[in-house]
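As structure tokens, the structure follows; a few thoughts come after it.
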Amino acid sequence: MCGIVAYIGPREAYPIILKGLKRLEYRGYDSAGVALMNDGLTVYKKKGRVAELEESLIGKNLHAHAGIGHTRWATHGEPSDRNAHPHTSSSGKLAMIHNGIIENYAQLKTDLIKKGYDFKSDTDTEVLLNFIEDIQTNNNCSLEEAIRIALKRVVGAYVIVLLEKDNPDTIIAARKGSPLVIGIGKGEHYLASDASPIVEYTKEVVYVNDYELAIIKADELVLKNLGNEKITPFVQKLDLELAALEKGGFEHFMLKEIFEQPDTIFDCLRGRLDISTETITMAGVQNSIEQLVKAERIIMVACGTSWHAGLIAEYVFEELCRIPVEVEYASEFRYRNPVVRKGDIIIAISQSGETADTIVAIEKAKEQGAFIFGVVNVVGSSISRISHAGAYSHAGPEIGVASTKAFTGQLAVLIMIALKIAFERKTIDLLRYTHILNELHAIPEKTKEVLLLDGSIKKLAEKYADAKDALYLGRGYNFPVALEGSLKLKEISYIPAAGYPAGEMKHGPIALVDDNLPVIFIATKGSHHEKIISNIQEIKARKGKVIAVITEGDEAIEKLADDVIMMPEADELVYPILNAIPMQLFAYYIGVAKGYDVDKPRNLAKSVTVE
């Protein structure tokens with residue numbers, strides 16, 4: 001969940017690393033630091049944002065052609081200068097940055113203390129670094145060999161990047177479970193947690209796999225496994241534009257990414273959904289169609305917002321494909337003893353494709369004979385490589401920590417997959433199939449209509465910005481949208497919010513209702529419309545404040561509600577894509593009204609690569 005950047009080559013390393021850290025700050029922002037090969041090995045680090053590190057280094061000698069940088073999301077040890085990365089070894093000859101968690105660090109630390117090592121921080125990273133140095137000293141071996149021996153003994157997930165004072169022309173990195181990409185330039189190399197810091201310098205990259213070491217010089221890249229066998233690097237071309245990483249005139253990345261959704265959903269559908277031929281073409285689905293069509297059960301594993309996408313997909317798949325679907329929190333699935341059979345389909349949903357819990361969950365299911373289908377946004381990510389097949393959501397880089405466009409992209413992909421399977425299984429009649437194809441095709445334009453509500457939603461958010469808590473309710477396809485809306489409000493405004501099926505309201509949550517509680521109903525027209533009207537009446541009878549997301553022309557709910565958000569007509573199966581957008585805007589504008597950093601909410605990081 002931390003951000004890693006490194007550079008070696010003829011250029012000045014510090015400006016490249018600093019810019020990269022700013023790009024990666026969405027991965028962690030409680031402290032930052034750099035280590036530079038600068039007349040020896042010099043380390044600077046600071047609690048707080050990258051800008052605070054930058055300010056503290058004004059006037060310092062930062063000249064170097066090799067360096068490593070880190071922006072942290074705390075796991076071991078509170079945010080502080082001493083817990084910030086990079087860490088130095090006891091001798092001062094090594095510096096290291098680390099993304100991940102070393103699970104057996106406590107035992108390693110106990111053993112090292114007995115040997116006389118002192119520790120300046122509370123981190124597992126410093127323990128691992130001193131463990132490496134201890135091996136190097138006792139075995140009189142190279143740093144590369146010491147790392148190889150150490151990583152065979154540690155338990156956990158990591159990307160580590162090291163500098164050695166006595167070997168200034170080399171950077172050594174290793175990976176297990178956390179992402180690492182290496183950019184290849186002309187006589188120079190770049191390292192980062194994802195491609196965003198690299199794209200302006202080179203389009204040629206190598207994604208490092210688990211249990212691989214990279215020995216990097218300015219003009220040389222050597223990959224090895226832990227058995228010291230050389231591996232031929234697989235060089236890929238980056239499909240990423242620099243403009244996608246800038247705010248483009250918007251105040252925040254989150255708002256920009258909300259407004260990008262007409263384009264990102266269109267990109268997701270483009271080349272896949274063809275209205276003229278009434279077909280869906282998805283290579284990952286087509287190449288696996290036999291497994292998907294014959295599936296007797298589908299299990300969707302995901303975390304956070306992606307889990308909500310899975311819940312919506314459960315409704316879609318069961319209605320269209322008539323296949324039983326279970327939706328599992330990946331963090332729970334990995335620790336249960338789930339019944340997974342050969343032939344089961346596991347659909348892993350993740351924006352980053354690096355979500356640690358989801359990766360472990362699908363690896364566990366894969367061992368039991370399940371077929372793994374990944375739905376991810378980031379090309380070349382771990383889940384995309386672990387899966388037997390998959391589909392990208394093509395939402396582009398999502399910098400705001402709270403997911404917006406990636407969520408709607410996931411929904412579009414999942415609906416297309418369900419339609420394709422249903423058509424092949426003959427569980428959908430042609431009239432319904434054609435109707436949903438046309439409804440999905442119309443979503444990008446309808447998304448533009450929804451975004452025209454931006455001003456009115458901003459006023460609504462300002463009206464309710466002082467709310468102490470909130471309740472979100474929906475039925476059917478809109479129940480998971482209520483969950484997602486409540487999550488967004490919690491993430492962005494820190495207002496406690498709960499999402500429930502509206503039918504469950506009387507089974508407990510109604511006790512919360514008073515004249516100060518905003519109750520947000522996702523109430524666009526569908527199969528449960530009359531029932532949701534009854535639920536609204538129950539809230540109004542207890543003087544709750546009702547905000548209703550409704551279909552244009554719905555006079556019945558408009559008369560009942562205190563405030564309404566009018567949505568264009570759509571089929572209830574695709575409505576969640578549209579209904580998510582006012583929930584995103586509502587949360588965004590409440591966060592802004594309260595003066596919070598909506599792009600980087602407290603305690604959160606974008607890519608959860610640790611438990």
Side-chain angles (χ1 to χ4, degrees), residues 1-6 24 27-28 31 33 35 68-77 83-89 94-109 112 119 121-136 143-164 171-182 191-194 206-216 223-227 231 334 352-360 363 381-383 385-386 605 607-611:
M1 294 167 70
C2 306
I4 281 175
V5 186
L24 288 179
R27 299 180 72 97
S31 60
I68 59 179
H70 188 273
T71 181
R72 182 173 185 252
W73 187 88
T75 54
H76 292 79
N83 286 330
H85 296 215
H87 290 285
T88 52
S89 62
L94 304 178
M96 186 173 86
I97 52 180
H98 168 220
N99 181 12
I101 288 180
I102 305 304
E103 295 177 11
N104 61 335
Y105 86 100
Q107 182 58 53
L108 295 174
K109 186 172 185 177
L112 290 168
F119 291 90
S121 76
D122 304 314
T123 67
D124 55 342
T125 304
E126 188 186 8
V127 174
L128 176 56
L129 178 58
N130 280 318
F131 183 51
I132 291 169
E133 181 168 83
D134 186 62
I135 292 171
Q136 186 182 19
L143 176 59
E144 176 191 336
E145 182 62 21
I147 293 170
R148 188 176 297 108
I149 294 169
L151 295 184
K152 289 178 180 178
R153 299 181 187 175
V154 301
V155 178
Y158 54 79
V159 160
I160 56 173
V161 183
L162 294 95
L163 291 174
E164 184 177 23
I171 293 174
I172 300 180
R175 176 229 161 121
K176 179 200 166 189
S178 294
L180 179 65
V181 59
I182 300 174
L191 292 82
S193 298
D194 65 41
V206 172
Y207 291 96
V208 180
N209 294 310
D210 281 353
Y211 304 107
E212 290 182 353
L213 265 72
I215 301 94
I216 306 148
L223 284 184
K224 294 182 179 181
N225 60 25
L226 295 186
I231 299 165
R334 65 178 291 190
S352 67
E354 303 291 350
T355 309
D357 288 316
T358 306
I359 289 171
V360 175
E363 285 175 337
S381 57
S382 294
I383 290 175
R385 286 180 282 158
I386 294 168
S607 180
V608 185
T609 58
V610 299
E611 288 188 64

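No hydrogens, no waters, no symmetry mates; every other heavy atom, side chains included, goes into these values.
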Please name the pair of heavy atoms, one in [X] and one in [Y], separated by the smallest distance, quoted to 0.1 Å.
X	Y	value
V161	A6	CG1-CB, 4.2 Å
D124	I101	OD2-CA, 3.4 Å
L112	F131	CD1-N, 3.7 Å
L24	S193	CD1-N, 4.1 Å
S352	S381	O-CB, 3.2 Å
A174	Y158	O-CD1, 4.0 Å

Any side-chain heavy atom of [X] within less than 4.5 Å of one from [Y]?
X	Y	value
I160	I132	yes
L163	I171	yes
L162	L129	yes
L128	Y105	no
N209	R385	yes

Spacing of [atom1] belonging to [X] relative to [atom2] belonging to [Y], to within rounding of 0.5 Å:
X	Y	atom1	atom2	value
I359	I383	CD1	CD1	5.0 Å
H98	T125	NE2	OG1	5.0 Å
I4	N99	CD1	CG	5.0 Å
I182	I216	CD1	CD1	4.0 Å
L180	E354	CG	CD	10.0 Å

Taking side chain to side chain contact (heavy atoms under 4.5 Å, CB included) as the definition, give me every residue that meets it alongside [X], ordered by chain and number, with sequence neighbours left out.
X	value
S31	R72, A84
N225	E229, I231
D210	R175, K176

Atom pairs and distances, side-chain donor-acceptor, residues 144-151, under 3.5 Å, sequence neighbours left out:
residue, atom, partner, partner atom, Å
E144, OE2, R148, NH2, 2.7
E144, OE2, K224, NZ, 2.8
E145, OE1, R148, NH1, 2.6
R148, NH2, N228, OD1, 2.9

Of all residues at least two apart in sequence or in a different chain, which pass the side chain to side chain donor-acceptor pair (under 3.5 Å) check with S121?
T123, E126
Identify, with sequence neighbours excluded, every residue that meets side chain to side chain donor-acceptor pair (under 3.5 Å) alongside E363.
none
Those residues that, when tested against H87, pass ring pair (Phe, Tyr, Trp, His ring centres under 6.0 Å) (two or more places apart)
H85
One pair to check against side-chain contact (heavy atoms from CB on, under 4.5 Å): L143 and I172. What are the steps and the verdict?
CA-CA 8 Å; L143 176 59; I172 300 180; 4.1 Å; yes
Y211 atom OH: more than 12 heavy-atom contacts under 6.0 Å
no
